[in-house]
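Here's the structure we're looking at; comments come further down.
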Number of protein chains: 2
Amino acid sequence: MDVNPRKIPRQARARATVEAILGAGAQLLAEHGFESLTTARVAERAGVSIGSLYQYFPNKQALAAALIDHYGEALAAAFRQRWRGHETLAGAVDAMVGAALVSHPHGPELHRALNELAPRVGRAEKNKGISARIAGIVTMVLEQHRHEIAADLNLADAAALIETVLETVSHRAIEHHPVTPDSASMASHCRRLIMAYLTNPAPR
Amino acid sequence: MDVNPRKIPRQARARATVEAILGAGAQLLAEHGFESLTTARVAERAGVSIGSLYQYFPNKQALAAALIDHYGEALAAAFRQRWRGHETLAGAVDAMVGAALVSHPHGPELHRALNELAPRVGRAEKNKGISARIAGIVTMVLEQHRHEIAADLNLADAAALIETVLETVSHRAIEHHPVTPDSASMASHCRRLIMAYLTNPAPR
DNA sequence: TGAATATGTGACGAATCCCTCACATTTTGT
DNA sequence: ACAAAATGTGAGGGATTCGTCACATATTCA
């Protein structure tokens with residue numbers, strides 16, 4: 001299945017069309033999921049004709065892949081800008097948890113939908129790459145506070161685990177998990193979880 | 001959308017038919033996801049006619065809901081049987097992590113697919129209920145080792161966080177996350193994460 | 001055994017969806 | 001200004017899907 005763009009927009013008008021299509025696709029994907037995402041509905045919401053959509057995206061999967069690429073980059077960029085300049089490890093962890101809890105620039109539904117979608121449109125690696133980049137950022141932050149972290153902890157492994165925890169906990173917090181009292185408490189427990197893990201050496 | 005079963009099977013033959021339909025549905029859901037799950041394909045894989053399927057499930061959503069109920073219960077039951085009789089907190093945590101890493105009695109794909117599916121067929125609460133029950137089991141385990149756990153930690157909150165971590169980490173470990181070296185290392189880090197969280201009081 | 005009930009079948013109508021194509025309109029470049 | 005290129009349009013073909021219905025077969029029970 002060819003997933004490459006059929007034609008690149010040259011005029012400003014065409015770029016606006018593509019933007020409108022991507023925006024409409026993101027909205028509908030977040031609202032109703034992929035199985036009820038139809039090319040006709042996307043075109044309608046975008047305010048363009050179905051023909052215009054197929055001029056830039058050869059098929060429905062290509063549209064989905066474009067959405068994953070477009071909003072995945074936005075997510076990683078949003079995360080990168082939130083961890084700079086913290087003097088202490090506690091401050092950096094605070095920032096990371098805070099970032100995870102708010103860093104869904106286009107809503108958690110869209111984030112989840114794109115995650116589910118990626119492996120079905122040949123973009124599994126792309127999405128894993130985003131996670132890996134965020135884990136890389138976390139690794140860098142941890143390195144800056146190496147002296148506060150248990151010496152026997154491998155930073156790359158720890159960063160991968162923390163990235164996983166951050167992503168999921170943020171999802172759960174936002175969807176009001178029944179056993180989770182509220183987001184503030186969740187964030188506080190999450191901070192404590194990560195700090196305890198980082199600063200205490202393995203027992204025995 | 002009515003999601004209740006249309007008719008309950010009375011004869012053994014009918015029960016076998018329903019079982020075959022549920023089994024086929026689970027297989028296809030895990031293999032290809034919900035958007036390519038068609039009633040005709042489910043019936044074909046189950047070895048029954050399409051008409052038989054519609055005798056017990058009024059529509060496609062009802063079939064999905066039945067799958068969620070059926071396999072959700074199986075998951076909770078599988079988890080409950082793995083935590084009994086551990087003398088130490090470390091042993092209990094080991095057991096929980098191990099359970100999370102293997103307790104997908106019908107494969108992680110099915111588990112993920114059902115999780116994604118629940119909110120779209122009126123079963124969001126059901127799935128949250130399963131998580132809550134697992135969190136409740138974790139709470140009981142923690143209570144049995146109260147003396148080994150930091151006194152200022154609320155056990156219910158901690159259990160909710162741990163349940164979340166266990167579920168996601170197991171997903172990631174199985175799908176071979178790139179930055180995760182291997183499952184064994186993942187499990188070891190996961191144990192350390194949870195133990196550090198539980199046994200160390202909040203700093204300052 | 002025979003009637004009543006339960007279960008199984010699969011062709012088919014109605015609805016929906018993906019995508020194409022012939023053509024209209026706008027913009028660019030000379 | 002005018003031709004060439006870029007962009008936009010939407011009806012409709014071909015394919016797929018959901019769910020029904022009239023009928024066949026199997027089981028139960030008196």
Side-chain angles (χ1 to χ4, degrees), chain A residues 1-25 27-29 31-67 113 117 120-122, chain B residues 1-25 27-29 31-67 113 117 120-122:
Chain A
M1 175 74 68
D2 183 20
V3 149
N4 296 323
R6 171 169 289 178
K7 173 204 293 193
I8 59 167
R10 300 177 187 282
Q11 305 175 0
R13 179 172 57 128
R15 278 191 294 275
T17 299
V18 172
E19 295 262 336
I21 292 171
L22 289 175
Q27 278 183 29
L28 292 172
L29 189 58
E31 287 171 18
H32 305 299
F34 185 64
E35 83 258 20
S36 65
L37 184 80
T38 72
T39 52
R41 273 200 270 270
V42 171
E44 183 190 13
R45 171 85 58 113
V48 303
S49 82
I50 179 69
S52 291
L53 188 154
Y54 276 96
Q55 252 176 353
Y56 301 101
F57 305 95
N59 52 54
K60 188 182 166 184
Q61 318 234 343
L63 172 61
L67 285 173
L117 199 50
R120 291 185 202 156
V121 293
Chain B
M1 175 74 68
D2 184 20
V3 149
N4 296 323
R6 172 169 288 180
K7 173 201 293 191
I8 59 167
R10 299 178 186 282
Q11 305 176 0
R13 177 173 57 126
R15 277 191 295 275
T17 300
V18 171
E19 294 262 335
I21 292 172
L22 289 175
Q27 280 183 29
L28 292 172
L29 189 58
E31 287 172 18
H32 305 299
F34 185 63
E35 83 258 21
S36 65
L37 184 81
T38 71
T39 51
R41 273 199 271 270
V42 171
E44 185 190 11
R45 171 85 58 112
V48 304
S49 81
I50 180 67
S52 290
L53 189 154
Y54 277 97
Q55 250 176 355
Y56 300 102
F57 304 97
N59 52 53
K60 191 181 163 185
Q61 319 236 342
L63 172 61
L67 286 172
L117 200 50
R120 291 185 204 156
V121 293

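Chain naming here is simple, since letters A, B, ... match the order of the sequence lines and numbering starts at 1 in each.
For B:Ser52, whose side chain is taken as the heavy atoms from C-beta onward, the closest listed nucleotide among C:dA6, C:dG8, D:dT7 is C:dG8. Set against D:dT17, C:dT9, C:dA6, the side chain of B:Ser49 has C:dT9 as its closest nucleotide. The side chain of A:Gln55 lies closest to D:dT9 when the candidates are C:dT7, D:dT9, C:dG10. When the nucleotides C:dG8, D:dG8, D:dG19 are ranked by their closest atom to the side chain of B:Arg13, C:dG8 comes out on top. For B:Ala14, whose side chain is taken as the heavy atoms from C-beta onward, the closest listed nucleotide among C:dT26, C:dT9, C:dG8 is C:dG8.
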Run the salt bridge (charged side-chain N to carboxylate O under 4.0 Å, His left out) test on A:Glu31 and A:Arg45 for me, step by step, so that the C-alpha distance in whole Å, both residues' side-chain angles and the decisive distance to 0.1 Å come before the verdict.
CA-CA 12 Å; A:Glu31 287 171 18; A:Arg45 171 85 58 113; 3.1 Å; yes
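Between A:Val121 and A:Val3 the shortest side-chain heavy-atom distance does not fall below 4.5 Å. Side-chain atoms of B:Leu22 and B:Phe57, non-hydrogen and from C-beta on, do get closer than 4.5 Å to each other. With contacts defined as side-chain heavy-atom distances shorter than 4.5 Å, the pair B:Leu29/B:Leu117 qualifies.
We find that NZ of B:Lys7 is positioned 13 Å from C1' of D:dT27, with the value rounded to whole Å. Atom CZ of A:Phe57 is separated from atom C1' of C:dC18 by 16 Å (rounded to the nearest Å). Computed from coordinates, the B:Leu53 CG to D:dT20 P distance equals 12 Å when rounded to whole Å. Rounding to whole angstrom units, CD of residue A:Gln61 and P of C:dC19 are separated by 8 Å. Per the geometry, CZ belonging to B:Arg10 stands 7 Å off P belonging to C:dT7, to the nearest Å. Rounded to whole Å, the distance from CZ on A:Arg15 to P on D:dG8 is 11 Å. Atom pair B:Asn59:CG and C:dA15:P shows a separation of 17 Å (rounding to whole Å applied). When the P atom of C:dC19 is taken as reference, atom CD1 of A:Ile21 falls 14 Å away, rounded to whole Å.
Comparing A:Tyr56 and B:Thr39 against DNA chain D, the residue whose closest nucleotide sits nearer the 5' end is A:Tyr56. Heavy-atom distances to DNA chain C give each of B:Gly51 and A:Lys60 a nearest nucleotide, and the one nearer the 5′ end belongs to B:Gly51. Residue A:Ile50 is the one, among A:Ile50 and B:Gln11, whose nearest nucleotide of DNA chain D lies closer to the 5' end (criterion: closest heavy atom).
Contact between the side-chain N/O atoms of B:Tyr54 and the OP1/OP2 oxygens of D:dT20 is not found at any separation under 4.0 Å. When the side-chain nitrogen and oxygen atoms of A:Thr17 are compared with OP1 and OP2 of D:dG8, one or more of them lie within a distance under 4.0 Å.
A donor-acceptor distance shorter than 3.5 angstrom exists from the side chain of A:Ser36 to the backbone of A:His32, with no hydrogens or angles considered.
Contacts of B:Leu63 with the nucleic acid, taken as non-hydrogen atoms under 4.0 Å apart, are absent. Here B:Arg41 lies in heavy-atom contact (under 4.0 Å) with sugar-phosphate atoms only.
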